[in-house]
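Structure first, then comments.
Counting starts at 1 for both ligands and their atoms, following the listed order.
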Amino acid sequence: MKKNLAMKLAVLGLCVVTAFAFTACGSSSSSKKTTKTYTVVTEPTFPPYDTTDKDGNLDGFDMDMVKAIAKDQGFKVKFKSMEFQSLIPAIQAGNADIIAAGMNVDKERSKKVDFTNTYSDSGLVVMVKKDNTTIKGVDSLTSTMKVASQTGTSGATECKDLQKEGKISEAVILDGFDTCIMQLQNGDVNAVIIDKPVAQNYIQKHSGKFKIVGKTMDAESYAMAVKKGNTALKKQLNQGLKNIIKDGTFQKLCDKWGIGNKFASTN
Ligand code: ARG
């Protein structure tokens, strides 16, 4: 009889302990909102860095890289698409946390946002229709020609400079690189100034209807950007980037998206 009572008490005790454990788990998971979700912004007419998949979801090297860094550093990300020129203002206004948009580090931008370490090298090129025989590079553009690029990009700055110098008739500045390519195809513009890996990707996609002419013009490398003074997030991104380079994830993503790995020689 006594034994039985002892047993019952033991079982009861166990139940109480278990109930406590469950409550504890419950409350700790609800207070464990420490897994932060950061809003990552991009502009998706910049394949293979920034594009959309068949279902219209944001996709590309930049998205994969940020996802891998987030996994490594234990935070979550959600992606948001906007015009290229709205990316920096969104960070400044606190409407987004991270820019991942094949964005070159440059002096002007560095006054407005903080850049992480760079992750990719690029350069600008002149892209024309494949059958064009007159344009052989930036130096053979003439004062009757129209040249397109995307709003807010280094390509747009180059186009505007060419126009100021009287070397082209018009800098056609458009919201997306897809529209620039369409205008080139339609003959509305004579050339597009665009980042080299992206030009190569568009050429591939349009089964060789376009070509790159002349030399690659220098441009700074790509980096992610965060709000000025957000050193904590910048450090996390840099550490995550370092880790995914070291563990081979970065190389896998370069292979997946067909881009060069700027760290390959140092590995
Ligand atoms: N690399 C160029 C720049 O920083 C163009 C970037 C365009 N990126 C994009 N996602 N549309 O100005």
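- Ring pair Tyr49/Tyr222 is perpendicular by interplanar angle, where above 60° counts as perpendicular and below 30° as parallel.
- Members clustered with Leu141: Leu124, Val126, Val128, Ile135, Val138, Met145, Val147, Leu162, Ile168, Ile193, Val213, Met217, by chain and number, using a 4.5 Å side-chain heavy-atom cutoff among hydrophobic residues.
- Residue pairs meeting the salt bridge (charged side-chain N to carboxylate O under 4.0 Å, His left out) criterion with at least one partner in residues 96-107, sequence neighbours excluded, are Asp106-Arg109.
- Looking only at side-chain heavy atoms (C-beta outward), Ile88 and Ile99 come within less than 4.5 Å of each other.
- Under the salt bridge (Lys or Arg N to Asp or Glu O under 4.0 Å) criterion, Lys228 pairs with Asp114, sequence neighbours left out.
- Around ligand 1 you find Glu43, Phe46, Asp50, Phe84, Ala101, Gly102, Met103, Asn104, Arg109, Gln150, Thr153, Ser154, Asp195, Tyr222, each with a heavy-atom distance below 4.0 Å.
- In this structure a side-chain-to-backbone donor-acceptor pair under 3.5 Å is present from Thr116 to Met224.
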